[in-house]
Amino acid sequence: MANLIPITDFSDPALDVFARLSEAQLLNREHPEEGLFIAESPKVIGRALDAGLVPRALLVEDRHVAGEAAPILARCGEVPVYTAPFDVLTQLTGFKLTRGLLCAMVRPPLPSIAALCTGARRVAVLEDVMNPTNVGAIFRSAAALGMDAVLLTPGCSNPLYRRAIRVSMGTVFQIPWTFLAPDWPQQLRALGFVTAALALSDDALSVRDSRLACIPRLALVLGTEGEGLAPATIAACDHTVKIPMSHGVDSLNVAAASAVAFYQLGL
């Protein structure tokens, strides 16, 4: 039986996690073991629960309690479920809830690179991709198109930011990921990966080059919006790979480029 709590006081501190805490406050860098994130919509929350993540509280539009939200509420035991009509929730959160449901969940500990890459044959490496929309879109493509894991440099937007989770459609819970140390090219090489930097260089291999598809363990490295990969990163990689362009277009958005590369080189 869901632990339903009607909202009567907007200032209730129990609602801070949904309405007043910033992404940085939810992340809680000083005490990461106490960090939280917000998942939105029954499908996305269901994927988080399938991955074993732990709910802390839910915020639900009252008309969905016995409808779309019911299967999720049934899986969450005695976790507090705050409810209110649509107009109240919009005032509280400042935006329309997707399918009328938010869930505050406990951030899981991140795996080591070695543990994450055990058995992996294709991984994506993101360097300083700062837009949560792009991060979410890349995760969705990675999950759909044959990547075994996603590795991020510290300058990337966190995959558990609300917008990244929403854009990924919950695939951030389906594909393993972690953050990298500065010496990641050497770490990946020690784990048996060949690294391929996606960059528009005259001497780059085409993403269609059959030699790339034959590499047993391949790490595809994508760079930040606008500037792309740092020259030092390109130099540290084993190959430079490009997606051939036409009609005078100089490049693709990093999320679009990731989908092309994952489709061509994923397994």
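Keep in mind that what you see is a predicted model, and the values were worked out from it rather than measured.
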task = Look only at the side chain of T153 and the backbone of D128, and say whether a donor-acceptor pair between them is shorter than 3.5 Å.
result = yes
request  = I would like to know whether D183 and R189 meet salt bridge (Lys or Arg N to Asp or Glu O under 4.0 Å); could you show each step before the answer?
outcome  = CA-CA 10 Å; D183 63 343; R189 194 166 289 114; over 6 Å; no
inquiry  = Hydrophobic clustering (ILVMFWY, side-chain heavy atoms < 4.5 Å, transitive) - are L36 and Y82 grouped together?
reply    = yes
query = When you measure from the side chain of R122 to the backbone N and O of F262, does any donor-acceptor pair fall under 3.5 Å?
reply = no
query = Are side-chain heavy atoms of L205 and T240 found at a separation under 4.5 Å?
reply = no
task = Would you mind reporting whether V106 and L53 have side-chain heavy atoms less than 4.5 Å apart?
result = no
query = Heavy-atom distance under 4.5 Å between the side chains of V125 and L220, does that happen here?
reply = no
request  = Carefully, step by step, assess V150 and F139 under the rule side chain to side chain contact (heavy atoms under 4.5 Å, CB included).
outcome  = CA-CA 7 Å; V150 177; F139 265 84; 3.7 Å; yes
request  = Return the minimal non-hydrogen interatomic distance between R140 and V167, and the atom names on each side.
outcome  = CD-O, 3.9 Å
task = May I ask you to test the F193-V123 pair for a side-chain heavy-atom distance under 4.5 Å?
result = yes
ask   = Side-chain donor-acceptor pair under 3.5 Å between T133 and R163, yes or no?
value = yes
Cluster link L152 to L229, ILVMFWY, side chain under 4.5 Å = no
note = In short, P32 meets R29 closest at the heavy-atom pair CD-O, 3.3 Å
query = In terms of heavy-atom contacts, does CZ of R208 have more than 12 from other residues, nucleotides or ligands at under 6.0 Å?
reply = no
remark   = Value for CD1 (I138) from CD1 (I175), rounded to nearest 0.5 Å, stands at 11.5 Å
ask   = In Å and rounded to the nearest 0.5 Å, what is the CD1 to CG distance from I7 to D12?
value = 8.5 Å
ask   = How long is the gap from CG on L191 to OG1 on T118, to the nearest 0.5 Å?
value = 8.0 Å
ask   = Just by distance, do the side chain of W177 and the backbone of V172 share a donor-acceptor pair under 3.5 Å?
value = yes
request  = Would you name the heavy atoms of L198 and A257 that are closest together and state the gap between them?
outcome  = CD2-O, 4.3 Å
I243 and S206, any side-chain heavy atoms less than 4.5 Å apart = no
key: Point-to-point distance, once rounded to the nearest 0.5 Å, from OH of Y161 to CZ of R166   = 14.5 Å
ask   = Under a single-linkage definition using a 4.5 Å side-chain heavy-atom cutoff for Ile, Leu, Val, Met, Phe, Trp and Tyr, are Y263 and L212 assigned to the same hydrophobic cluster?
value = yes
task = Decide yes or no on ring pair (Phe, Tyr, Trp, His ring centres under 6.0 Å) for F37 and F173, but give the supporting numbers first.
result = CA-CA 12 Å; F37 67 90; F173 309 122; 5.6 Å; yes
Side-chain touch I45/L101, heavy atoms, less than 4.5 angstrom = yes
ask   = Looking at CG of L265 and CG of D209, how far apart are the two atoms once the value is rounded to the nearest 0.5 Å?
value = 9.5 Å
message = For the residue pair N158 / E23, report whether a side-chain donor-acceptor contact shorter than 3.5 Å exists.
response = no
key: Step-by-step side chain to side chain contact (heavy atoms under 4.5 Å, CB included) determination, D250 to M245   = CA-CA 7 Å; D250 57 356; M245 299 284 116; over 6 Å; no
Shared hydrophobic cluster for I215 and L188 (ILVMFWY, side-chain gaps under 4.5 Å) = no
key: A120 backbone acceptor or donor facing R217 side chain under 3.5 Å   = yes
request  = Report yes if the side chains of R107 and L27 come closer than 4.5 Å at any heavy-atom pair, otherwise no.
outcome  = yes
From CE (M169) to OG (S41), nearest 0.5 Å = 6.0 Å
request  = Indicate yes or no for a side-chain donor-acceptor contact from T178 to the backbone of S112 under 3.5 Å, with no hydrogens or angles considered.
outcome  = no
task = Using a 4.5 Å cut-off on heavy atoms from C-beta on, say whether the side chain of P176 contacts that of D148.
result = no
task = Could you tell me whether E33 atom CD has more than 12 heavy atoms of other residues or ligands within 6.0 Å of it?
result = yes
task = Check for a donor-acceptor pair, side chain of E127 on one end and backbone N or O of A230 on the other, with a separation under 3.5 Å.
result = yes
task = Without swapping roles, check the side chain of S22 against the backbone of Q25 for a donor-acceptor pair under 3.5 Å.
result = yes
ask   = Are V44 and V79 grouped together when hydrophobic residues (ILVMFWY) are joined by side-chain heavy atoms under 4.5 angstrom apart?
value = yes
inquiry  = Taking CD in E34 as the centre, count heavy atoms belonging to other residues, nucleotides or ligands within less than 6.0 Å. Is the count above 12?
reply    = yes
query = Do side-chain atoms of E61 reach the backbone of L89 as a donor and acceptor pair under 3.5 angstrom?
reply = no
note = Test side-chain contact (heavy atoms from CB on, under 4.5 Å), reference L126, set N134, L222, L180, output is L222
message = Between D202 and K242, does the salt bridge (Lys or Arg N to Asp or Glu O under 4.0 Å) criterion hold? Intermediate values first, please.
response = CA-CA 9 Å; D202 290 340; K242 66 181 177 183; 5.3 Å; no
key: Crowding at CZ, R56 (>12 non-hydrogen neighbours, <6.0 Å)   = no
query = T83 and D62: side-chain hydrogen bond (donor to acceptor under 3.5 Å, both in side chains), yes or no, with the steps?
reply = CA-CA 5 Å; T83 69; D62 53 9; over 6 Å; no
